[in-house]
Amino acid sequence: MSTATGPTPVTITVREVYDLLLEVRDSVAIVPTHADTLKDHETRIRAQEARRTVSPRDLWTGIIGAASAGAAIASIIQAVIK
């Protein structure tokens, strides 16, 4: 039968702890901060808002207006020809 023993002690040198802390520091430096992400988000939103766009209402108004104008011109041409 095996007997359960506690965790085995681990010896860590000061140099290993120092190297581990340097690794953690370098890893944290790579992760973007919340402020950086927010700043980028604000820049993208401002660029999107500055871009001129056509709303669906304006698009459909233009399409219906063009179709109506075409129908009116066709009616006028038919009246002139007859």
Side-chain angles (χ1 to χ4, degrees):
M1 286 182 42
S2 66
T3 59
T5 60
T8 58
V10 177
T11 305
I12 300 176
T13 64
V14 173
R15 179 67 185 176
E16 291 172 334
V17 171
Y18 181 72
D19 288 341
L20 181 63
L21 288 175
L22 288 178
E23 287 292 323
V24 169
R25 182 198 67 187
D26 293 341
S27 298
V28 170
I30 294 171
V31 176
T33 62
H34 181 66
D36 292 338
T37 306
L38 203 58
K39 183 178 178 184
D40 178 51
H41 180 68
E42 290 292 326
T43 304
R44 286 185 286 126
I45 287 177
R46 291 194 198 300
Q48 181 69 27
E49 289 175 346
R51 189 175 305 139
R52 292 186 50 109
T53 58
V54 177
S55 70
R57 178 180 175 207
D58 293 340
L59 179 65
W60 282 110
T61 301
I63 290 171
I64 291 171
S68 299
I73 290 173
S75 297
I76 292 171
I77 292 174
Q78 282 182 352
V80 169
I81 291 176
K82 285 186 179 183

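It should be emphasised that the depicted structure is a prediction, and the values quoted were computed from it without experimental measurement.
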Could you list the donor-acceptor pairs under 3.5 angstrom formed by side chains in residues 51-62, with sequence neighbours left out?
| residue | atom | partner | partner atom | Å |
| --- | --- | --- | --- | --- |
| Arg51 | NH1 | Gln48 | OE1 | 3.0 |
| Ser55 | OG | Asp58 | N | 3.2 |
| Ser55 | OG | Asp58 | OD2 | 3.2 |
| Thr61 | OG1 | Arg57 | O | 2.7 |

Can I get a per-line list of side-chain donor-acceptor pairs under 3.5 Å for residues 66-81, giving both atom names and the distance, sequence neighbours left out?
| residue | atom | partner | partner atom | Å |
| --- | --- | --- | --- | --- |
| Ser68 | OG | Ile64 | O | 2.9 |
| Ser75 | OG | Ala71 | O | 3.0 |

Given a cutoff of under 4.5 Å between side-chain heavy atoms of I, L, V, M, F, W and Y, with clusters grown through shared members, what are the other residues clustered with Leu22? Tyr18
Only one of Glu16, Glu23, Arg15 clears side chain to side chain contact (heavy atoms under 4.5 Å, CB included) with Asp19; which? Arg15
